[in-house]
Structures are given as C-alpha cells and as structure tokens.
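Some notes on the structure that comes next.
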Protein chains: 2
Amino acid sequence: MEVTLPAIRAFVAVAREGSFGAAATSLGVSQPTVSAAVRRLETVVGRPLLVRDRDGVRPTELGRRLLAHAVAVVSATDDFETLLTGETPELTVGFMGEAAGPLTSRLLAVVRRACGGEVRLRRFDFDDPSCGLLTGASDLAVVWPPLETGDALETRPLRTDPRAVAVPLGDPLAGLAAVGPADLAGRVWVVPRSRDEVWRAFRRPGAAGVTDVAGEVGSDAIEETLELVAAGRGVALLSEGTDEHYARAGVVFVPLSGGQRCSTALAWRRADTRPVLTGVLRALGAREWLPE
Amino acid sequence: MEVTLPAIRAFVAVAREGSFGAAATSLGVSQPTVSAAVRRLETVVGRPLLVRDRDGVRPTELGRRLLAHAVAVVSATDDFETLLTGETPELTVGFMGEAAGPLTSRLLAVVRRACGGEVRLRRFDFDDPSCGLLTGASDLAVVWPPLETGDALETRPLRTDPRAVAVPLGDPLAGLAAVGPADLAGRVWVVPRSRDEVWRAFRRPGAAGVTDVAGEVGSDAIEETLELVAAGRGVALLSEGTDEHYARAGVVFVPLSGGQRCSTALAWRRADTRPVLTGVLRALGAREWLPE
DNA sequence: CTATGCCGATAGCCGGAGGCTATCGTTGCG
DNA sequence: CGCAACGATAGCCTCCGGCTATCGGCATAG
C-alpha cells in the first residue's frame with residue numbers, strides 16, 4: 001500500500017469541501033474515486049482521518065494534524081507541475097494557514113466561475129503576512145490585517161471574529177467565560193515569528209494591553225502555535241474563528257474581554273489591473289457567497 | 001500521461017547522484033525503473049531534463065530550474081509520510097539550497113551506513129541559516145558559516161571555495177578574469193533576505209569591502225537569486241562552488257580578487273549527545289568520503 | 001584490435017493504483 | 001411512506017511503476 005499523490009489531493013479536497021461529493025466535483029473526478037483514495041490513506045495509517053456523520057465530514061484529530069502537511073505536498077506539486085508544463089495559472093489565491101473551511105471553498109467556487117481559467121491555491125505561513133501578494137506568488141489573498149505594506153495592496157474586509165486566547169487544557173483560565181489583561185499577567189506567549197504588529201499592539205499599555213509578559217516563544221505557523229500551546233509552552237493570541245477550523249484536543253479558546261475583534265480581509269495588488277482580477281473582484285463584490 | 005510522485009523522486013535522485021544506477025540504488029529500485037520514470041517526466045515536458053553523456057548525467061537548464069521545486073515536493077511528501085506512518089526518522093540532515101552534488105550524495109552515503117536507521121534529507125532556504133538545527137527540524141546540517149547562534153551549535157569545516165560575483169551574461173564584468181571593489185562600485189545587489197552577516201561584512205570599508213552600493217534586491221533562495229541576476233536585476237555575492245551545481249545560462253561567475261574564500265561546514269546541536277549522532281560524526285571524521 | 005566492463009535504454013511481463021458506471025444502504029425530510 | 005442526498009461497494013478497464021533479461025555505446029586493458 002502506497003501513499004500516492006491523488007490520494008493526498010483527495011484527502012485535502014474532502015477536508016476543505018466538507019463532503020466527498022463536493023470534493024469529487026472540485027477535483028474533476030467521480031465520488032467513488034475520492035472514497036477509495038481516502039480509504040487507502042486511512043488503511044496506511046491504520047486509523048480514520050475523516051469522520052463521516054450527519055451534516056458533513058470533518059477531519060479527526062489525527063487528520064487535522066496531517067492536513068497542513070498534506071496541503072504543503074499538494075501546493076509543492078502544483079508549483080512543480082506549473083513549471084513543468086509551462087502553463088501559468090490564470091490566478092493564484094493565497095491563504096494564511098491551511099485554508100480549510102467554508103470561507104475558502106465558497107470563495108474559490110466564486111473565483112473559479114468568474115475567472116474561467118485555472119485557479120491555483122497556495123498556503124502561506126506567518127513568514128509572509130501578505131500571502132505572496134508582494135512577491136507575486138499570489139494575485140489575490142485572504143489575509144489577516146493589519147498589513148504594513150504602505151499602499152501597495154488594497155484590502156476589503158471579509159469577516160471579523162472576537163479575539164481569543166488559546167490556553168492548554170487544564171489551565172486555570174480554561175474554564176473562564178472570558179479573560180482580561182489581569183488574568184493574563186506573568187504568562188509566556190507563543191508569538192508569530194515574523195508578524196508581530198498585532199502582538200506589539202497587544203503589549204502596549206492601556207486598552208486590553210498586557211504588559212506583564214514572562215517570555216516569548218516563536219512560531220512559524222498556526223499548527224505549530226497550537227502544538228506549542230497544547231504542550232504547555234505558552235498561551236497564544238488568536239481569534240475565535242481559528243477554533244472553528246483548527247480545533248485541537250488539548251487547546252481551549254477563551255474569549256478576550258473588551259470586545260476586541262480581529263478581521264479577515266481580501267487583498268490584492270493595487271497595481272494589478274488585469275481584467276481577470278477586476279472581474280473576479282466584481283464577482284466577489286456580491287456578498288451572497290459568504291458563509292452564514 | 002501523469003506527473004507522479006515516484007517519477008519526481010527518481011528525477012531528484014538522478015540529479016543528486018549524477019547517475020541512473022546510483023539513483024536506483026539509493027531509492028531501492030531497479031535501474032530501468034528510474035530510466036522509465038525520468039523518461040515519463042520528460043515526455044510530459046516535451047523537452048529533456050537530464051543530459052546523458054560520458055562521465056555522468058547532468059540536468060539541463062530546464063531541469064535545473066525544476067530541481068528545486070522537485071526537491072520541495074519530495075521533502076513535503078516525506079514529511080507527510082513521516083507523520084502518517086508515525087515513524088520518526090533516525091536522523092534528519094539539512095542542506096542549504098537543493099543540495100544536489102557529489103558532496104551531498106557522498107555525505108549521505110556515509111551517514112546512512114553509520115546510522116543504520118532511516119535518514120531524511122531536508123532542504124532549507126535563506127530564511128533559516130541553521131538549516132533547521134535550532135528548531136529541531138534537522139539533526140545534522142551542511143551550513144554556510146558564519147552562523148550567529150552563540151554556542152548552541154558546533155561546526156566542523158568541510159570545504160572552502162573562492163568567493164565570486166554572479167553577473168548577467170553580457171555584463172561588462174562578465175569577461176574579466178577577476179574583479180575587485182573598484183569594479184563593483186555603483187551596483188545593485190541581490191541579497192539573501194534573512195541572512196546578511198556576510199553581506200554586511202562585504203559592505204564594510206577596507207579589505208575587499210564594497211561601499212558604493214546602488215541598491216539591494218531581496219532573495220529567499222539560491223535559485224531565485226540566480227533568476228534575478230539573469231534578469232539583470234542585480235549582481236550577487238556567491239561562491240565559485242555555487243557555479244558547479246547551479247550553473248545557469250545567462251549568469252556568469254567572476255572570481256573576486258583578494259583571495260577571499262567562503263566555507264561550507266557541518267553543524268550540529270552541541271546539546272545533542274545521542275549515540276546515533278556521535279556515531280555518524282565519528283564516521284564523518286575520516287575524511288576519505290569528501291569529493292576530490 | 002579485441003575483450004571486458006560499465007551504464008543507460010529497451011522489451012516484455014505483472015500487480016496494484018486509480019479512474020469509471022451502476023447500484024445499494026442509511027439517513028433525513030416532506 | 002416515499003423520495004432525495006450522500007457515502008460505500010462491486011465490477012471493470014487503463015496505465016503507472018515495479019521486475020528480469022538483454023541490447024548498444026563507449027571506455028579502457030591486454
């Protein structure tokens with residue numbers, strides 16, 4: 001039994017679409033093919049990766065841990081094939097993190113319809129807050145403001161979530177309904193290594209700022225952050241929306257008091273005036289595609 | 001015709017080993033299997049990726065461009081499979097760049113023999129000068145000193161190469177036998193984005209320092225650096241050894257006068273005292289395996 | 001000049017991955 | 001109760017990716 005590329009693709013697609021059928025459509029193959037691919041993968045592991053129950057399919061704890069790496073494989077392969085065949089995708093969409101979830105899949109559906117040509121998906125970690133927009137690695141991205149990019153990029157808000165603090169299971173804070181600066185004093189924090197505007201603002205005195213920080217641990221990706229939190233290495237400043245897609249046993253999200261919210265936004269290069277992009281942006285302007 | 005994982009693996013192995021037979025051995029498959037895999041890949045592209053001539057196999061211009069991405073695919077897949085099967089590799093060896101060449105393959109052979117268990121290869125870009133040693137992503141690495149890591153890492157020199165400047169074909173400097181600071185005044189430089197100790201030293205007045213710099217362009221990887229140089233976006237400070245494995249049409253390497261050399265070194269965590277590592281280091285102590 | 005060996009390509013074979021269509025079992029809902 | 005949705009199963013075909021055996025080109029040794 002072998003771990004093959006189509007099987008990994010199928011796994012990622014199912015996790016993203018939340019359905020075997022939808023995954024099959026998005027991959028351009030039949031539904032039984034997707035079922036078989038995922039089953040093969042699960043046979044290799046010996047444990048289930050996806051839970052099929054009423055109301056869709058969700059990854060298991062193990063599946064969620066594997067997902068980020070699976071996306072990396074698919075992304076690297078797509079890159080390779082693009083160079084190999086010389087076909088440049090019409091549009092590349094960048095996402096922070098693994099980009100699994102309803103927002104991603106809905107947005108992609110709209111983009112694919114509006115674009116016509118091939119649309120590529122690319123994952124980015126904390127090391128590039130612009131999700132490849134500045135380097136040209138992507139043309140359109142779902143980013144987490146604020147971005148310190150001057151006026152090179154244009155953004156349009158998509159959604160906002162309450163801020164939350166991720167703490168390990170069993171932490172004294174884990175049971176609270178909400179936490180404030182006083183509760184967070186003397187903590188070690190897991191901090192995005194290369195993206196600390198939000199963090200710096202958080203440490204500023206006043207408002208919800210927490211100044212009593214015992215230490216910082218760097219992290220390059222969401223998954224790593226949650227691993228570190230679960231391991232008790234520190235707590236992290238995230239959003240409640242993160243919990244939806246990255247929920248992980250051993251990590252509890254506690255809302256931050258004070259009503260602070262953090263946003264997710266669409267971004268693109270102001271200088272990019274290609275009809276492809278403007279067309280897609282127009283299609284995305286109608287907000288019906290947004291989940292909820 | 002499909003781009004499959006084993007085909008990419010075969011391509012990478014042949015490029016690294018410089019021979020179909022050796023690649024087959026290192027992959028644990030037969031030689032015809034490797035031949036067929038590479039041929040399939042070349043059929044997809046429509047152009048040759050590897051040149052077979054007397055004295056070994058070398059990638060073509062196109063092959064070299066694809067190699068870095070192919071390595072990324074293999075690396076991501078290995079990561080994924082490691083998590084999937086739960087088998088942790090005995091030892092992970094980190095390399096800066098694509099790590100194709102005799103040094104890599106010889107070193108790996110010695111490590112594999114001395115280690116016994118599974119040995120993983122992992123590529124790193126400029127964003128991590130320690131090649132994953134500090135984060136635990138690797139246990140042993142081929143790095144480019146100097147490293148600003150305090151005394152966390154121990155290093156052992158492997159080889160030194162003359163420094164050279166990469167300039168685009170057709171540049172006035174391209175024909176010279178050697179260049180000095182005076183020749184390099186007023187240039188735009190392509191600089192590793194996150195690894196500029198060497199660069200800063202280079203800009204210091206005196207010695208071979210060049211102070212008259214017109215601008216800087218950031219780069220995250222060797223391949224990107226050479227792309228930028230070939231495109232005329234700037235010139236880059238590299239080593240003559242780089243030319244051996246990354247030779248690229250459109251880029252000429254001109255030696256730097258003054259006899260400056262840059263070194264390649266083996267590095268590991270000082271705190272890592274596992275028998276696996278010490279055994280491998282002892283095996284690598286006998287220098288017979290070094291190329292040339 | 002021939003013999004020998006090295007190395008990659010070719011031929012012919014087989015098992016399994018991965019695709020399809022058709023159909024069944026469950027489950028939720030009108 | 002019947003229908004629709006969705007995933008699993010069954011049966012079939014193609015081609016990838018592995019093997020062994022062998023051929024062809026090109027060194028180098030005798």
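Letters A, B, ... mirror the listed sequences (proteins, then strands); counts begin at 1.
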Of A:Thr92, A:Asp139, A:Thr82, which is the lone residue that meets side-chain hydrogen bond (donor to acceptor under 3.5 Å, both in side chains) with A:Arg120?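 Filter result, single survivor: A:Thr82.
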
Between atom CD in B:Glu17 and atom P in C:dG8, what is the gap in whole Å?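 Taking CD of B:Glu17 and P of C:dG8, I get 11 Å after rounding.
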
Roughly, in whole Å, what's the span from CZ in A:Arg9 to C1' in C:dA17?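 From A:Arg9 CZ to C:dA17 C1': 15 Å.
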
[atom1] of [X] to [atom2] of [Y]: how many Å apart, nearest 0.5 Å?
X        : Y        : atom1 : atom2 : result
B:Leu49  : B:Arg58  : CG    : CZ    : 14.0 Å
B:Leu158 : B:Leu266 : CG    : CG    : 5.0 Å
B:Asp78  : B:Arg122 : CG    : CZ    : 9.0 Å

Let me know, please, whether A:Val3 or B:Gly21 comes out on the 5' side of the other along DNA chain C by nearest nucleotide.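 Residue closer to the 5' terminus by nearest nucleotide: B:Gly21.
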
Taking the nucleotide of DNA chain C with the nearest heavy atom to each, does B:Phe20 or A:Glu2 sit closer to the 5' end?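 So the residue in question is B:Phe20.
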
Charged N to carboxylate O below 4.0 Å: is that the case for B:Glu81 and B:Arg9?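 Salt bridge flag = yes for B:Arg9 with B:Glu81.
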
Tell me which residues in residues 27-45 of chain B lie within less than 4.0 Å of DNA chain C, going by non-hydrogen atoms.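 Heavy-atom cutoff 4.0 Å gives B:Gln31, B:Pro32, B:Ser35, B:Arg39.
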
Below 4.0 angstrom from OP1 or OP2 of D:dC6, is there any side-chain N or O of A:Ser19?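 A:Ser19 to D:dC6 OP1/OP2: no side-chain N or O under 4.0 Å.
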
Do other residues, nucleotides or ligands put more than 12 heavy atoms under 6.0 Å from B:Arg47 CZ?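 Incorrect, the count does not exceed 12.
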
